[in-house]
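Chain identifiers are assigned alphabetically (A, B, ...) following the order of the sequence lines, protein sequences preceding nucleic acid strands; residue numbering begins at 1 within each chain. Computation of the quantities below employed the complete heavy-atom set of this structure, encompassing side-chain atoms and omitting hydrogens, waters and symmetry-equivalent molecules. Remember, it's a predicted structure, so these values are computed and weren't measured experimentally.
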Amino acid sequence: MLRLDLNADLVQRARASASKIADSFSWLFEDYSSVSIERTVLRLMGIDGALKDGEPLPNVVCDHLKSKQALNRGASWFVANAMHNTGLSAQEVAEKVGSGELDLTALPVKDNSRVLAILDKVSTDALAHITKQRKHRDAQFEEYGARRIPAIYVIVATGNIYEDVVQAKAAAREGADIIAVIRSTAQSLLDYVPYGATTVGFGGTYATQENFRIMRAGLDEVSQEIKRYISLTNYASGLCMPEIAAMGALERLDLMLNDAMYGILFRDINPKRTLLDQYFSRMINAYAGIEIQTGEDNYLTTSDAIEKAYTVTASQLINEQFAYKSGIKPQKMGLGHAHEIDPELENSFTFELAHALLTKELFPDAPVKYMPPTKFASGNVFKTHLMDAMFNFIGQLTGQGVQLLGMMTEAIHTPHLADRSLAIENAQYLFKAVKDLNANLCLAPGSFINERANSVLAEATSFLEAVAEEGLLKAMARGDFADIKRPENGGKGLEGVFLKDSSYINPFLIKFKTELELQ
Amino acid sequence: MLRLDLNADLVQRARASASKIADSFSWLFEDYSSVSIERTVLRLMGIDGALKDGEPLPNVVCDHLKSKQALNRGASWFVANAMHNTGLSAQEVAEKVGSGELDLTALPVKDNSRVLAILDKVSTDALAHITKQRKHRDAQFEEYGARRIPAIYVIVATGNIYEDVVQAKAAAREGADIIAVIRSTAQSLLDYVPYGATTVGFGGTYATQENFRIMRAGLDEVSQEIKRYISLTNYASGLCMPEIAAMGALERLDLMLNDAMYGILFRDINPKRTLLDQYFSRMINAYAGIEIQTGEDNYLTTSDAIEKAYTVTASQLINEQFAYKSGIKPQKMGLGHAHEIDPELENSFTFELAHALLTKELFPDAPVKYMPPTKFASGNVFKTHLMDAMFNFIGQLTGQGVQLLGMMTEAIHTPHLADRSLAIENAQYLFKAVKDLNANLCLAPGSFINERANSVLAEATSFLEAVAEEGLLKAMARGDFADIKRPENGGKGLEGVFLKDSSYINPFLIKFKTELELQ
Amino acid sequence: MKKNIIRPYGDTSNDGKMQFSFSLPVSADERGKEAARQLLLQMGVDEIDVCSVRDLKEGYTHFIAYGTTSAVVDISKIKVKTVDTDVMSMEETDEYIKENLGKIITVVGACIESDAHTVGIDAIMNMKGYNHRYGLERYQGFNAINLGAQVPCEELLKKAREEKADAILVSQVVTQKNIHIKNLTRLIELAEAEGLRDKMLFICGGPRLSHELAIELGYDAGFGTGSYATDVASYIAITLFEQSHK
Amino acid sequence: MKKNIIRPYGDTSNDGKMQFSFSLPVSADERGKEAARQLLLQMGVDEIDVCSVRDLKEGYTHFIAYGTTSAVVDISKIKVKTVDTDVMSMEETDEYIKENLGKIITVVGACIESDAHTVGIDAIMNMKGYNHRYGLERYQGFNAINLGAQVPCEELLKKAREEKADAILVSQVVTQKNIHIKNLTRLIELAEAEGLRDKMLFICGGPRLSHELAIELGYDAGFGTGSYATDVASYIAITLFEQSHK
Ligand code: B12
Ligand code: B12
Ligand SMILES: Cc1ncc(COP(=O)(O)O)c(C=O)c1O
Ligand SMILES: Cc1ncc(COP(=O)(O)O)c(C=O)c1O
């Protein structure tokens with residue numbers, strides 16, 4: 001067995017600092033909410049659909065309350081109060097707000113305990129549905145067997161949900177375990193979730209609840225036929241992070257890209273908005289039994305994989321601590337790592353093996369999300385195919401949880417049908433070839449691999465200690481992460497963050513805390 | 001370091017049996033010669049060229065003597081006697097025989113000591129030329145540096161020597177260390193070596209002395225430009241085995257495919273003819289400093305690589321012992337091994353690693369010739385490219401001597417220019433990626449790899465013991481090798497083997513024995 | 001587009017996407033790249049992305065490209081000649097021969113001329129067979145004579161005549177410079193000259209052969225990659241029976 | 001063949017050998033294979049060897065093929081538009097600007113519209129540069145303003161106007177459904193409408209862009225894969241100087 005001899009003191013110190021970093025946000029998590037969180041609550045209450053001009057009803061209701069300076073009490077209370085006043089469903093209430101027939105703040109408070117009872121009923125129903133979805137997933141794995149390790153994860157990204165389904169089904173039949181529907185460019189910066197089935201996206205397909213449903217149905221069909229449960233994933237990320245998490249929970253997605261800091265660093269979303277949204281979205285994921293996947297790979301698409309290896313480790317530890325805060329168990333923490341090493345580097349395989357082992361051993365229970373070569377992928381598809389093979393080799397050798405298959409056309413276009421098929425063939429060949437190789441090997445005493453892993457760990461530890469000392473927000477403002485400066489009050493979406501009233505209520509937040517046993 | 005724990009007793013027993021097998025042929029080696037050996041002697045004496053109908057002069061002279069029942073004295077004596085009688089050069093003598101003007105057996109024996117002196121002079125001159133070529137090679141390696149390990153070996157096989165040169169030069173510039181000009185189909189069954197530059201071969205280009213010269217000149221040119229000595233190789237194999245060895249020695253080829261048993265098993269050439277020819281051809285190679293390469297890979301193109309792994313080991317040991325008999329040093333024994341494992345097999349990489357380590361450790365000083373996947377190569381070039389990558393991985397990891405690069409179009413056509421370039425790119429990437437990986441690793445105690453290697457060794461040992469007991473010729477007749485039955489007196493070319501007279505002389509054989517310090 | 005008119009598929013129906021790889025005697029620069037583009041344009045390819053330009057040295061450059069082809073195929077018009085006889089198991093074939101032909105079928109096989117790739121013909125003929133399917137030697141209904149590698153056409157025909165063969169099986173694996181076409185044509189021409197052509201079935205096989213090509217070359221049937229003794233035995237038995245009833 | 005007429009090269013001059021890979025909505029059998037062959041035939045390909053047939057499921061099949069193209073290219077007729085200004089080092093460019101222009105050149109750059117791939121434009125503009133070549137920010141002769149990712153065309157033009165920019169640098173990396181063409185066209189049209197087009201150089205770049213395409217879209221220059229700040233800086237400096245002397 002390949003086993004590192006990691007410096008236990010460093011491990012403990014690094015984790016303690018990461019924990020301190022996460023702990024320092026209780027003021028934000030306790031006292032604030034955001035428009036996206038409120039829209040999420042509305043969605044969970046059953047509000048869906050959009051106005052003729054495409055504006056989704058959750059946004060309509062939320063904006064309505066905001067314009068009346070009433071959001072600080074929480075959107076759910078107003079809707080429930082309206083339900084109580086009118087006897088309508090949440091959806092009907094929202095529609096009336098949309099048509100301008102109803103002013104939620106103009107309704108009397110007849111009986112607050114009835115309103116709370118409505119909230120209790122509505123949220124219980126929603127959570128029951130989510131629980132049903134979770135149990136269905138569990139039952140499917142029970143019936144067809146657990147996911148392989150590493151699981152085969154491929155993307156579809158045609159821009160058209162119907163083409164996506166064809167490609168996804170074909171991939172599933174060829175051996176894919178997880179299908180990711182890549183989002184259209186720039187969706188993460190939309191402060192709403194588009195409505196309905198969509199056929200026009202660029203570089204990906206819009207994440208909409210209807211698209212989730214269509215793809216889930218397609219995959220359920222194949223799952224049954226091939227007797228393997230095919231997981232579905234999307235991005236709970238960007239300005240609508242928690243809304244998409246909720247949509248995923250409702251439509252039985254099984255994993256979610258969901259990073260604590262990605263939006264801040266790579267999408268210039270306001271730090272407070274992002275951290276707050278991730279806190280709530282992760283509770284949804286935790287409750288729904290959805291495996292989160294974090295975005296550490298992104299550091300390496302812009303920075304050097306050797307020089308900045310420690311940023312991956314540091315981010316993994318931070319993501320881990322934030323995930324704990326939202327009730328996510330290690331078994332559902334798909335922490336990110338990426339094979340972005342320069343193929344021209346001598347001993348690239350050896351370096352990468354050190355990094356992959358480090359991730360695996362720091363997070364032995366986590367289904368690590370292992371990302372393929374992208375940065376050094378070139379138009380030479382034959383070479384890229386080889387780089388993907390090395391990636392697959394290491395994924396199997398070190399037992400990463402989820403292998404996001406690289407495509408030989410990575411540098412050219414979003415995957416064609418045959419590209420994906422060849423990628424699956426690549427993975428299946430490598431996985432089989434080195435299946436039990438690990439059991440045959442051990443690290444030589446004083447190996448470079450062990451040294452390298454420990455030195456990355458040491459760098460990550462000092463980095464985390466410095467960040468913990470200074471505070472995450474300050475560190476980000478200074479450009480400590482990915483060389484990108486993100487001031488506390490800069491970026492998109494800060495206007496959507498607000499201080500909660502003492503009367504604020506979010507029935508889901510309360511129930512999640514109880515059910516997930518968060519203090 | 002990956003190191004097997006091989007059963008030393010088995011190693012010793014296996015080698016002893018192989019040695020016994022080789023030893024049992026002294027009757028053949030001492031008492032017999034063959035038409036091909038005689039033609040070789042004639043070539044070394046300087047006879048070249050062909051009649052108008054294409055019949056090479058060495059054949060003409062040899063057949064002439066044979067038809068006069070005079071060959072048993074050795075062709076060289078008659079030519080030298082004619083030179084003495086006529087004052088002509090060996091070449092002129094041969095031409096006169098060709099034109100029918102001269103009957104070598106009709107000339108008087110004027111002064112045998114003068115004849116012997118001529119033989120001495122002619123052979124000394126030839127050997128001086130060969131020595132010059134050897135020294136030139138050594139000097140080139142001295143100047144430009146030793147060959148990389150594994151060396152990058154690629155084939156050219158256009159059928160046209162001029163196209164071959166273009167492809168060879170391009171390959172050299174891209175990183176190839178060794179160029180093999182593949183022979184046209186069926187040349188091995190020709191009992192003569194065609195003459196001159198050739199442009200029409202199928203699946204390869206004819207091995208002719210002129211073609212050797214053309215290619216050597218092309219490669220010398222590139223060597224100088226890129227400051228890396230590019231080696232050239234061909235096949236001293238088939239019915240003209242020793243002749244081609246001589247041509248290679250004269251034209252400064254650097255390696256030679258030269259197997260003790262390949263011709264018997266895979267070309268149905270008579271066993272005695274083959275073993276005798278290899279004995280003399282290997283002396284030429286030894287004297288010329290040419291690295292021989294053996295053909296164990298061929299077993300695995302027809303038999304299963306797991307089941308028949310032991311046949312490779314057994315043949316390597318036999319080839320080793322025969323090579324010693326001809327004065328070849330371990331450093332010049334490119335024993336063969338092949339990556340012909342079914343890619344559908346679980347743990348194919350692990351199996352192959354065991355086999356590769358076994359070869360490497362049994363023959364630590366030999367520049368093992370490691371052959372790529374061919375049998376399981378399919379028209380799916382992307383998949384084949386991956387299989388070649390695994391092969392390159394193991395080649396570097398286990399430090400094989402010469403990596404015969406696989407081509408992604410192996411199952412389709414002889415390599416196109418781009419195929420070869422992509423193969424070199426594949427090797428270079430892998431070699432670099434896992435450059436020092438071996439130093440990082442060790443085998444886990446009780447590993448499957450160690451077990452597997454020892455079990456192959458054990459099978460090889462029992463097999464060799466049985467063959468040694470029974471005798472190689474009987475074992476071959478019974479089909480013990482490659483499941484092919486080859487009776488002692490069957491196959492092609494037996495009529496070319498003859499018992500030597502007491503007056504027989506072969507000045508080269510004598511000098512080789514002395515110079516190579518063979519008893 | 002009509003349903004029967006199809007084009008390649010990348011990620012949108014009939015988007016015509018294809019990948020190309022080829023070398024040209026041009027320099028590895030913008031001019032060379034443009035030459036590559038021109039070549040594809042002439043082949044009816046559009047939206048060309050020459051995504052890799054690799055200097056192969058000695059004046060050649062390798063290109064990898066993606067593009068959109070304007071070519072379409074009408075699948076309703078595709079006709080392929082395939083061996084259409086039923087495929088029976090070894091036992092069924094033996095039974096069939098016993099019942100319908102009442103004799104042992106003699107076949108003579110070889111790799112002809114310069115070709116020494118016997119694995120293919122062995123897969124069909126030898127006892128052991130291939131991929132867990134036994135070869136003709138194991139069949140009770142067949143007398144299978146395998147002459148092996150590099151058999152001159154003359155020798156194969158001689159043997160077939162001597163043995164009064166019902167079928168000749170030829171394998172051709174090496175195809176460089178169309179040597180297989182030359183060899184296969186030579187055999188048929190010799191057979192015709194010797195008056196043997198209509199006395200027995202002529203069957204060829206090899207990885208680059210198809211039934212279509214075999215017919216074109218004047219053979220009765222051709223078998224490509226992935227053929228088994230079961231295919232060949234069934235074909236021979238059924239065809240011999242049908243011929244005897246015409 | 002004439003020397004200037006070339007064809008692809010496999011292993012014999014002008015043998016026309018090419019490799020193809022594509023998928024078709026057909027079954028993975030002889031019929032499907034024939035459809036693949038027909039497609040290639042229509043593209044002028046001959047001696048077709050469909051060497052791999054892979055079932056992609058859902059009614060699609062992947063083919064790999066080799067064949068001989070009949071297409072030829074006359075290399076004497078190839079014209080490519082390339083950026084032909086000399087390439088100077090950073091120091092030389094700074095010197096050139098000082099001497100010939102006597103002012104600091106202002107450039108405003110961005111990834112426009114939905115595109116967030118800043119690595120390319122950063123490679124050209126940021127201090128750090130790319131592959132050991134510094135970016136424009138490091139040049140003394142340049143005032144380089146990099147607006148980063150997902151910048152609406154309007155915003156980029158506004159900034160350029162405000163800063164009295166000498167050149168606009170646009171990056172486009174995502175090309176799916178030709179979104180880059182749409183975005184680049186939109187920028188030029190807006191610039192024309194606003195009367196900005198002739199006030200500054202319009203330069204675009206990205207892995208799927210060439211100078212040729214840039215010109216076609218109405219830009220002054222385009223830079224593809226492997227461009228460096230040195231190329232762009234030299235081009236801008238020299239072109240501005242030349243324009244000021246027309
Ligand atoms: C094994 C092998 C060899 C072995 C052959 C051993 C033997 N006893 O057969 C050895 C090492 C000797 C060899 C040598 C050479 N080989 Co070779 N060899 C191969 C290899 C790796 C596999 C072929 C094989 O065994 N396939 C498995 C069998 C089962 O498949 P198959 O032949 O297609 O047969 C099936 C069907 O086609 C069909 N079938 C075939 N024949 C028949 C006949 C009938 C009647 C029927 C019904 C069906 C049928 O049924 C079979 C079962 O499904 C191929 C590469 C590859 N991966 O394909 C190269 C390959 C065929 N060889 C090649 C060459 C060039 C050579 C040499 C000429 C090289 C040289 N110059 O030294 C030599 C000389 C051989 C000669 N004189 O012919 C080339 C041919 C290129 C071309 N297209 O022209 C190939 C493609 C490799 C390459 N890319 O260069 N080779
Ligand atoms: C890194 C990367 C990312 C990073 C970007 C980080 C960042 N800050 O830029 C992240 C992870 C965020 C990302 C996200 C996405 N990406 Co992205 N990404 C890549 C990747 C791996 C490398 C691109 C790169 O950095 N190249 C290195 C630079 C230096 O090269 P370059 O851009 O070509 O620039 C050079 C020249 O072109 C030129 N140049 C470029 N711009 C300019 C401008 C001027 C003025 C000049 C003079 C020169 C110039 O000079 C540069 C230096 O030589 C490519 C795949 C690949 N290997 O190419 C995919 C790729 C570009 N991404 C792709 C996609 C689809 C996306 C997403 C849309 C996926 C999704 N739906 O989530 C998202 C969304 C991004 C968005 N909104 O635009 C696709 C695009 C497909 C297509 N052809 O349409 C690619 C090809 C991957 C794929 N096969 O699917 N990506
Ligand atoms: C954590 C995370 N979220 C989201 C995305 C998707 O990008 P976008 O923000 O453009 O939707 C990624 C892509 O890599 C990611 O890693
Ligand atoms: C030892 C040896 N000799 C010769 C050859 C070449 O084959 P042929 O005998 O057809 O020339 C090979 C090919 O693999 C070989 O391994």
Side-chain angles (χ1 to χ4, degrees), chain C residues 6-14 16-26 29-45 47 49-51 53 56 60 63-64 69-75 77-82 175-178 207-208 210-212 224-225, chain D residues 6-14 16-26 29-45 47 49-51 53 56 60 63-64 69-75 77-82 175-178 207-208 210-212 224-225:
Chain C
I6 59 164
R7 294 175 65 198
Y9 177 84
D11 68 358
T12 307
S13 287
N14 290 312
K17 292 289 181 201
M18 294 181 74
Q19 177 263 338
F20 308 88
S21 158
F22 54 96
S23 308
L24 289 174
V26 295
D29 56 14
E30 285 299 320
R31 273 182 69 78
K33 198 167 162 180
E34 179 60 18
R37 218 176 62 86
Q38 293 284 344
L39 184 91
L40 293 172
L41 272 176
Q42 280 190 43
M43 296 174 71
V45 181
E47 304 202 335
D49 182 4
V50 179
C51 54
V53 178
L56 295 177
Y60 292 91
F63 300 95
I64 302 174
T69 180
S70 58
V72 296
V73 174
D74 183 344
I75 37 167
K77 296 223 175 93
I78 287 186
K79 301 266 171 310
V80 267
K81 291 194 190 110
T82 48
T175 59
Q176 208 193 28
K177 302 191 177 141
N178 282 327
R208 303 275 91 82
S210 64
H211 185 57
E212 186 104 18
T225 302
Chain D
I6 60 165
R7 293 175 68 197
Y9 177 85
D11 68 358
T12 307
S13 286
N14 291 311
K17 291 290 180 198
M18 296 181 73
Q19 175 262 337
F20 308 87
S21 158
F22 54 96
S23 308
L24 289 174
V26 295
D29 55 15
E30 284 300 319
R31 273 181 69 79
K33 198 167 163 181
E34 178 62 17
R37 219 177 62 86
Q38 292 284 343
L39 185 92
L40 292 171
L41 272 177
Q42 280 190 42
M43 296 175 71
V45 181
E47 302 200 338
D49 181 4
V50 179
C51 55
V53 177
L56 296 177
Y60 293 91
F63 300 95
I64 302 175
T69 180
S70 57
V72 296
V73 174
D74 182 344
I75 38 168
K77 296 223 174 91
I78 286 184
K79 300 269 169 309
V80 265
K81 290 193 189 110
T82 48
T175 59
Q176 208 194 28
K177 301 191 177 140
N178 282 325
R208 303 276 91 80
S210 64
H211 185 58
E212 186 104 18
T225 301

Query raised in the report: Quick one: what part of C/F20 sits under 4.5 Å from any heavy atom of chain D, side chain, backbone, both or neither?
Result: both
**Report entry** Atom group of C/R31 that falls short of 4.5 Å from chain D, counting heavy atoms
**Finding:** both
Report summary line: When rounded to the nearest 0.5 Å, the distance separating OH of D/Y60 from CG of D/L24 is 10.0 Å
Query - Per-residue contact mode, D/Y9 against chain C (heavy atom under 4.5 angstrom) - result: both
**Report entry** Nearest-0.5 Å distance, CZ of residue C/R37 to CD of residue C/E34
**Finding:** 4.5 Å
Query raised in the report: Taking the side chain as C-beta and beyond, is there a heavy-atom pair between C/L39 and C/F22 under 4.5 Å?
Result: yes
Query raised in the report: Out of D/I78, D/V50, D/L56, which one racks up the most heavy-atom pairs below 4.5 Å with chain C?
Result: D/I78
Requested in this report: Please flag which part of D/V45 lies under 4.5 Å from any non-hydrogen atom of chain C: side chain, backbone, both or neither.
Outcome: side chain
Query - Proximal component of C/K79, with respect to chain D [non-hydrogen, under 4.5 Å] - result: backbone
Query raised in the report: Do side-chain atoms of C/N14 reach the backbone of C/I6 as a donor and acceptor pair under 3.5 angstrom?
Result: no
Query raised in the report: Counting only N and O atoms by type, is there a donor-acceptor contact under 3.5 Å from the side chain of D/E212 to the main-chain atoms of D/K81?
Result: yes
Query raised in the report: Is there a donor-acceptor pair under 3.5 Å between the side chain of D/Q42 and the backbone N or O of C/V72?
Result: yes
Requested in this report: Output the distance between atom CZ (C/R208) and atom CD (D/E47), rounded to the nearest 0.5 Å.
Outcome: 13.0 Å
Query raised in the report: Is any side-chain heavy atom of C/M18 less than 4.5 Å from a side-chain heavy atom of D/M43?
Result: yes
Requested in this report: Counting only heavy atoms closer than 4.5 Å, note whether D/D11 contacts chain C via side chain, backbone, both or neither.
Outcome: side chain
**Report entry** Contacting moiety of C/L40, where chain D heavy atoms sit under 4.5 Å
**Finding:** side chain
Query raised in the report: Measuring heavy-atom distances to chain D, does C/V26 have an atom under 4.5 Å in its side chain, in its backbone, in both, or in neither?
Result: side chain
Query raised in the report: What option among D/T12, D/I64, D/D49 has the most heavy-atom pairs under 4.5 Å with chain C?
Result: D/D49
Report task. Would you mind telling me which of D/S210, D/G32, D/A71 has the largest number of heavy-atom pairs within less than 4.5 Å of chain C? Result -> D/A71
Query raised in the report: Can you say whether C/S21 sits under 4.5 Å from chain D via the side chain, the backbone, both, or neither, judging by heavy atoms?
Result: both
